[in-house]
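First listed ligand is number 1; within each ligand, the first listed atom is number 1.
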Amino acid sequence: MNNLSGRGRVTGLPAWDRCAVMGVVNVTPDSFSDGGRWFDTTAAVKHGLGLVAEGADLVDVGGESTRPGATRVDESEELRRVIPVVRGLASEGVVVSVDTMRASVAEQSLAAGAVLVNDVSGGLADPAMIPVVADAGAPFVVMHWRGFLQGGNVKGVYEDVVAEVTDELRARVDAVLDGGVAADRIVVDPGLGFSKEAGDDLTLLAHLDRLRALGHPLLVAASRKRFLGRVLAGPEGSPPPARERDAATAAVSALAAHAGAWAVRVHEVRATADAVRVARAVEGARTAAPATPDERGAEGTR
Ligand code: PMM
């Protein structure tokens with residue numbers, strides 16, 4: 001992995017000197033945390049620009065909800081939702097990622113100015129995806145989701161979630177490499193909440209170092225997810241709604257940045273933009289040589 005404070009960089013994308021912030025624009029009527037809010041092209045582009053103004057480094061545009069039980073959207077409808085928003089944001093100079101499991105949507109998004117393909121199926125949903133990404137020379141997010149590894153929306157049952165997710169991700173990365181995507185354009189993502197229970201998500205977050213050992217930049221997407229609702233509710237309480245999980249999301253962003261994540265994917269950008277900057281400042285302070293008591297002198301001890 002190319003080193004940039006150990007978190008790596010992705011060829012084909014700007015190099016950030018800290019954990020990058022990926023803001024989310026879901027152009028869907030039914031995403032679990034923000035469905036329906038940016039369903040119109042103009043509103044979606046405006047929202048994406050607003051996320052950039054708040055500190056997003058890149059914007060992830062998706063036209064299909066992946067919440068449990070969601071039915072798949074038609075290809076033509078996904079294209080209708082996504083392409084104008086990708087084009088609108090890219091034409092304003094935004095670094096755009098497309099969140100899709102369809103090769104056609106990826107291909108047309110890249111033509112419309114997207115520079116990263118984010119596929120929650122890790123290239124499994126559409127056999128044409130990896131060839132399209134490889135031919136375009138585009139960076140590719142490979143996410144872990146047993147629903148696609150094993151077929152159907154399976155419940156993940158893990159004995160050792162970190163070892164199993166790491167091994168299964170490694171196998172997907174190998175397949176993506178075999179398909180011709182360059183190693184320095186591959187990002188890995190543990191897929192928090194995808195065929196995983198709250199405890200699994202927390203265990204994965206506690207061991208991001210082992211996912212980083214895969215040797216690819218790591219994307220962490222915890223934003224507003226169910227496991228945060230469970231943490232905030234405590235053992236007996238009922239979870240707060242998704243949109244009341246943004247402070248918890250920012251806390252995960254700080255932890256992920258500290259653990260060396262390449263990027264975090266979030267719906268509410270402002271707090272996370274602060275969190276990654278604080279993490280970067282702390283990282284800078286750790287690598288600066290500590291002053292000795294003599295160098296500090298009496299004044300410096302205050
Ligand atoms: N989660 C969602 C959508 N896209 N992409 C990646 N790479 N990783 C994720 O964990 C992920 C994703 C679901 O959340 P949303 O519907 O609120 O966007």
Side-chain angles (χ1 to χ4, degrees), residues 10 13 20-39 44 47-48 51 56 58-73 78 81-82 85 96-102 105-106 109 114 116-125 129 133 139-148 153 156 165 169 172-173 176 186-196 198 200-201 204-205 208 211 216-229 241-246 248-249 252-253 256 261-269 272:
V10 181
L13 297 181
V21 180
M22 176 188 278
V24 178
V25 176
N26 283 323
V27 195
T28 59
D30 58 345
S31 284
F32 84 99
S33 66
D34 58 353
R37 298 196 67 206
W38 329 114
F39 194 43
H47 180 55
L51 295 180
L58 59 169
V59 172
D60 192 36
V61 179
E64 176 168 40
S65 169
T66 50
R67 83 187 145 74
T71 46
R72 295 217 53 193
V73 68
E78 191 184 349
R81 293 177 186 180
V82 166
V85 179
V96 178
S97 154
V98 61
D99 185 347
T100 184
M101 296 188 276
R102 283 202 173 91
V105 178
S109 294
L116 172 67
V117 177
N118 172 26
D119 180 356
V120 295
S121 81
L124 285 167
M129 178 64 95
V133 172
F140 189 53
V141 177
V142 181
M143 196 193 85
H144 178 270
W145 187 3
R146 270 205 183 158
F148 272 94
N153 202 359
V165 167
L169 258 181
R172 284 314 303 148
V173 167
V176 170
I186 294 175
V187 174
V188 292
D189 179 338
L192 299 176
F194 285 82
S195 311
K196 296 172 189 86
D200 299 324
D201 293 336
L204 287 163
L205 281 174
L208 293 180
L211 289 156
H216 294 275
L218 178 67
L219 174 64
V220 175
S223 189
R224 298 180 176 174
K225 283 191 175 161
R226 209 168 8 132
F227 79 98
L228 293 175
R243 281 166 64 193
E244 289 171 26
R245 301 175 194 164
D246 288 331
T249 298
V252 176
S253 297
W262 165 76
V264 285
R265 178 185 181 278
V266 294
H267 301 88
E268 194 282 318
V269 160
T272 279

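Taking distance alone, with nitrogen or oxygen atoms compared against 3.5 Å, His267 approaches ligand 1 more closely than that limit. Considering backbone and side-chain N/O of Asp60, none are found under 3.5 Å from N/O of ligand 1.
Taking each heavy atom of Val85 and Ala44 in turn, the nearest pair found is CG2-CB, 3.7 Å.
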Would you check, one step at a time, whether the test side chain to side chain contact (heavy atoms under 4.5 Å, CB included) holds for Leu13 with Trp262?
-> CA-CA 12 Å; Leu13 297 181; Trp262 165 76; 3.7 Å; yes
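Close contacts between ligand 1 and Val120 involve ligand atoms 4 (N), 5 (N), 12 (C) [criterion: under 4.0 Å to a heavy atom]. Every atom of ligand 1 is numbered from 1 in the order shown, and the set under 4.0 Å from a heavy atom of Ala221 is 8 (N), 9 (C), 10 (O). Numbered from 1 in the order shown, with element, the atoms of ligand 1 that lie under 4.0 Å from a heavy atom of Asn118 read 5 (N), 6 (C), 7 (N). Listed by number with element, the atoms of ligand 1 under 4.0 angstrom from any heavy atom of Met143 are 6 (C), 8 (N), 9 (C), 10 (O). Near Leu219, meaning under 4.0 Å from one of its heavy atoms, ligand 1 places the atoms 7 (N).
Nearest residue to atom 13 (C) of ligand 1 from Thr66, Asp201, Thr100 is Thr66 (criterion: closest heavy atom). Across the listed options Val25, Asp189, Asn26, Val24, Asn26 owns the non-hydrogen atom lying nearest to atom 15 (P) of ligand 1.
The backbone N or O of Arg224 sits less than 3.5 Å from a side-chain atom of Thr249, completing a donor-acceptor pair. Without hydrogens or angle criteria, Glu64 side chain to Val73 main chain gives a donor-acceptor distance under 3.5 Å. A donor-acceptor pair is defined here as one N or O able to donate and one able to accept, closer than 3.5 Å; such a pair exists between the side chain of Arg172 and the backbone of Gly122. For Lys225 (side chain) and Asp201 (main-chain N/O), no donor-acceptor pair under 3.5 Å exists by modelled atom type.
With a heavy-atom cut-off of 4.0 Å, Arg224 does not touch ligand 1 at all.
Salt-bridge formation is not detected for the pair Arg265/Asp189: no Lys NZ or Arg NE/NH1/NH2 atom is positioned less than 4.0 Å from an Asp or Glu carboxylate oxygen.
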